[in-house]
Each structure stands twice: as C-alpha cells, then as structure tokens.
Amino acid sequence: MYHAKQLTVSTQGRGFTDITRDVREVVEHSGLEQGLCTVFLHHTSASLVLSENADPDVRRDLEAFFARMVKDGDPLFVHDAEGPDDMPAHVRTVLTQSSLSIPVKNGAPDLGTWQGVYVWEHRTSPHRRRVTVSVVG
Amino acid sequence: MYHAKQLTVSTQGRGFTDITRDVREVVEHSGLEQGLCTVFLHHTSASLVLSENADPDVRRDLEAFFARMVKDGDPLFVHDAEGPDDMPAHVRTVLTQSSLSIPVKNGAPDLGTWQGVYVWEHRTSPHRRRVTVSVVG
Amino acid sequence: MYHAKQLTVSTQGRGFTDITRDVREVVEHSGLEQGLCTVFLHHTSASLVLSENADPDVRRDLEAFFARMVKDGDPLFVHDAEGPDDMPAHVRTVLTQSSLSIPVKNGAPDLGTWQGVYVWEHRTSPHRRRVTVSVVG
C-alpha cells in the first residue's frame with residue numbers, strides 16, 4: 001500500500017514551522033496501521049529537522065548556532081545572485097535533511113516524546129515550500 | 001511486507017554504540033530477501049551515523065571534531081536546563097541523522113565493507129535510547 | 001513491489017558527480033508509477049547530497065565551505081593512515097547523507113525544480129563508488 005499527499009507550507013522567513021500535526025493527519029488519513037512514513041521537501045534552500053518540541057529556546061539556539069557557523073555575506077561565497085543569505089541557505093540545507101523517514105505504529109507516526117517535525121526556512125524572506133508526505137507498508 | 005522491531009540501546013555517555021549486528025538480526029528475522037531497511041532513533045539528543053567500522057580512532061576523531069565545533073557551555077546558547085551539554089546535544093543531532101535507510105539484498109542489510117551502524121550519544125551521562133528497525137519490501 | 005539496481009560512479013577526486021539521470025532511469029525502468037525511491041551510497045568517505053542544479057558556483061561554494069570547516073591535515077585528527085584528506089572525508093560524510101529518499105510520482109522521482117542528486121567525493125584522488133537505487137511501492 002502506498003499513499004502520498006502534497007502540502008504547501010508558508011514560511012515567515014528564517015525560522016521553524018511545525019508540521020508534526022500535518023504529517024500525523026496524512027498518516028491517519030491513509031488508514032495504514034504500520035509501515036514507513038517519509039517526509040520530503042522539494043527545495044534546496046530550506047530543510048527538514050526532527051527537533052525538540054517543548055522549549056522554543058532550542059529552535060532559537062539552533063538558528064543562532066547555524067547563523068554563526070554559516071555567515072551571511074561570507075566573502076568565500078561566489079554564488080550570491082539572490083543576496084547574502086542565498087548561498088548560506090544551500091549550505092544549511094546540505095548540513096541538515098531534505099527527507100525524513102519515520103516508522104508508523106498503531107496508525108500514527110511513532111515519534112519520540114520530544115520529537116517534532118519542522119520545516120526550517122533558511123532564506124530571510126517568506127517562502128511557500130512544497131512538502132510531500134508519503135506512507136508505504 | 002512490513003516488519004519492525006524496537007530495540008533499547010544503553011549508552012555509556014558521549015560516544016558510539018555499534019548496533020550493526022542488531023540491525024542485521026532484525027532483517028534476518030524478518031525473512032525478507034530484498035527491500036528497504038530503515039533505522040530510526042526516537043530522541044533529539046542522540047543520533048545515528050553510518051561510520052567507518054575498522055579503526056576506533058575514526059570515532060575518537062569524530063567525537064573530538066564535533067566537541068570542538070559545538071562547544072559545551074557556549075554562551076550563545078540560552079537553553080541549558082539540563083547542563084552545558086544539553087543544547088550541544090540537540091545541535092549535533094540536527095547535524096547528523098535520526099533515520100537511516102539501507103537496501104536489503106540476499107536477506108541482509110547491504111552495507112559497504114567499512115560501514116557500521118552506530119548510535120552516537122551526545123549527552124555526557126549514560127542514557128537508554130529507543131531505536132526502531134523496520135523492513136519493507 | 002520492490003526493484004533495485006546497483007550503479008558504479010567513477011569520481012574525479014574531490015567534487016560532485018550528478019547522478020540525477022541515472023536515478024531517473026532506474027525509476028522509469030522499474031515501471032512503478034508511485035512509491036518511494038531510495039538512493040544509498042556504500043562508503044564512509046563520500047556522500048550524497050540533493051543540491052542546486054543550475055549554477056555550478058553553488059557546488060564550488062559548498063566544496064570551499066566544507067574545505068574550510070573540516071581542514072585537511074588538522075592536527076586534531078589521529079586517524080591519517082591514508083593521508084591528510086582521510087579523516088576529513090569521514091567527517092564530511094557524517095555531516096551530509098549516505099541515503100536519500102525521494103517520492104515517486106507519475107513514474108519519475110518527484111524532485112524540486114532545482115534539486116539534483118549528487119555523489120560528493122571527499123577524497124582528493126579519484127574513486128569508484130558503489131550506489132544502490134531502489135524503489136518500493
């Protein structure tokens with residue numbers, strides 16, 4: 001059995017959008033009791049992370065750490081057609097994930113207690129991001 | 001066909017635990033000849049890596065590199081409720097993997113000669129970590 | 001349904017080899033209309049990335065960034081049996097991906113407009129790399 005749904009996620013510029021509930025809804029709608037759920041983001045300047053879902057400071061600190069590690073406007077970068085955040089967005093994407101695979105158990109994604117599924121926007125301006133959630137089993 | 005098994009991995013604090021044999025056993029027990037094996041870790045302060053399995057110095061060097069790149073007690077971090085290694089553990093997790101997908105061939109995970117599957121504990125104290133190994137095909 | 005094919009990718013030393021077309025061919029050859037495609041690289045000193053496929057400067061900048069972040073011959077590293085690029089290759093692999101999962105839609109991998117699938121060679125000398133492309137659905 002295979003079922004997939006495409007989502008559109010509107011981001012507010014750099015930062016995290018929680019899509020855990022959307023992922024759960026696709027799995028529940030599929031009727032699959034057990035199997036594998038895969039989340040895929042169709043872009044190269046935003047990414048997916050499984051991150052701590054309780055304290056918002058964790059996301060704030062992740063963003064601060066990555067901003068310091070991959071500096072906007074770094075003169076090392078040649079590719080800056082879309083601005084100082086263009087190439088850093090590609091680097092951050094490669095350092096994180098474009099796909100996540102989560103086991104399905106009892107009809108729901110079997111996430112850990114503190115795991116949330118987030119789209120991490122790496123561009124400073126808001127974007128509409130395409131995400132596909134699929135289940136197989 | 002879908003088969004899954006949950007493992008509990010006891011870590012000794014920061015460092016690597018080889019779970020290659022456990023992953024292999026779940027695949028063999030499933031009876032699946034070919035398909036896809038996915039390993040998932042249900043936490044946000046430990047992660048999974050496919051790493052070189054011959055020379056222990058590789059794991060030592062990985063740990064040393066990450067310890068220097070993501071410093072414990074970095075004043076940049078706001079989130080430190082559980083100590084100076086709390087936020088670094090979340091950053092290291094995001095920089096590595098929470099899920100790994102490995103092809104199954106001839107009834108076994110088709111790993112490269114030098115690839116081992118490791119749980120990488122990022123907290124300084126020992127933890128019990130939940131891992132799910134699933135196969136589909 | 002499960003179908004898999006093994007590819008051999010000859011790299012020219014450090015840098016990127018585009019395998020998007022090869023992945024697409026395996027999916028098309030499978031006849032699968034919808035499902036999940038997984039790309040797996042069987043090595044610990046090269047990796048897979050989904051990266052921007054239009055401007056070659058993006059790959060140049062990725063390589064420059066990683067070369068600066070993970071320095072060849074860093075005295076921190078103990079493991080250097082195969083030279084100054086040996087341990088950096090393992091670190092770069094852990095910081096990127098060994099497997100990628102991509103949804104299949106209308107008989108083709110449903111990549112974003114700017115997403116290409118690349119093998120990233122992290123060793124300075126040319127290598128032959130084994131890659132498995134599988135589809136399930």
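The analysis underlying the following values was restricted to heavy atoms, covering all of them including side chains, and did not include hydrogens, waters or symmetry mates. All values reported here derive from a predicted model rather than from experimental measurement. Convention: sequence-line order gives letters A, B, ...; per-chain numbering from 1.
Panel note: side chain C/Gln115, backbone A/Leu41; a donor-acceptor pair is recorded below 3.5 Å. Side-chain atoms of A/Gln97 do not come within 3.5 Å of backbone N or O of C/Gln97 as any donor-acceptor pair.
Interface residue A/Val136: only side-chain heavy atoms are found under 4.5 Å from chain C. The parts of A/His90 that come within reach of chain C are both its backbone and its side chain, each placing non-hydrogen atoms under 4.5 angstrom from that chain. Looking at C/Val58, both its backbone and its side chain come within 4.5 Å of chain A, counting heavy atoms on both sides. Both the backbone and the side chain of A/Phe77 come within contact range of chain C, judged by heavy atoms closer than 4.5 Å. Neither the backbone nor the side chain of A/Val39 comes within less than 4.5 Å of any heavy atom of chain C. For chain C, the nearby part of A/Asp74 is the side chain; its heavy atoms alone come within less than 4.5 Å. For C/Val94, no part lies under 4.5 angstrom from a heavy atom of chain A. For chain C, no part of A/Ser45 is nearby; none of its heavy atoms comes within less than 4.5 Å.
Minimum heavy-atom separation, C/Phe66 to A/Leu95: CZ-CD2, 3.6 Å.
Interface check for chain C: of the options A/Ser99, A/Ala81, A/Ser101, the most heavy-atom pairs under 4.5 Å are formed by A/Ser99. Annotation: maximal heavy-atom pairing with chain A below 4.5 Å, among C/Leu111, C/Asn53, C/Leu36, occurs at C/Leu36. Of all the listed residues (C/Gly35, C/Ala64, C/Gly112), the one sharing the greatest number of non-hydrogen pairs under 4.5 Å with chain A is C/Gly35. Counting heavy-atom pairs under 4.5 Å between each of C/Pro103, C/Ser51, C/Gly137 and chain A puts C/Pro103 at the top. Most heavy-atom pairs under 4.5 Å with chain A, from the set C/Met69, C/Lys105, C/Glu52, C/Met1: that is C/Glu52.
Counting only heavy atoms from C-beta outward, the side chains of A/Thr44 and C/Leu50 never approach each other to under 4.5 Å. Looking at heavy atoms from C-beta onward, C/Asp110 lies in side-chain contact with A/His42 at the 4.5 angstrom threshold.
Judged by distance alone, the side chains of C/Asp61 and A/His79 never bring a donor and an acceptor atom under 3.5 Å apart.
The CG atom of C/Leu100 sits 12.0 Å away from the OG1 atom of A/Thr38 when rounded to the nearest 0.5 Å. Note that the CD1 atom of C/Ile102 and the OG1 atom of A/Thr132 stand 11.5 Å from one another [nearest 0.5 Å].
When the shell of 6.0 Å around CZ of A/Arg68 is examined, it contains more than 12 heavy atoms from other residues, nucleotides or ligands.
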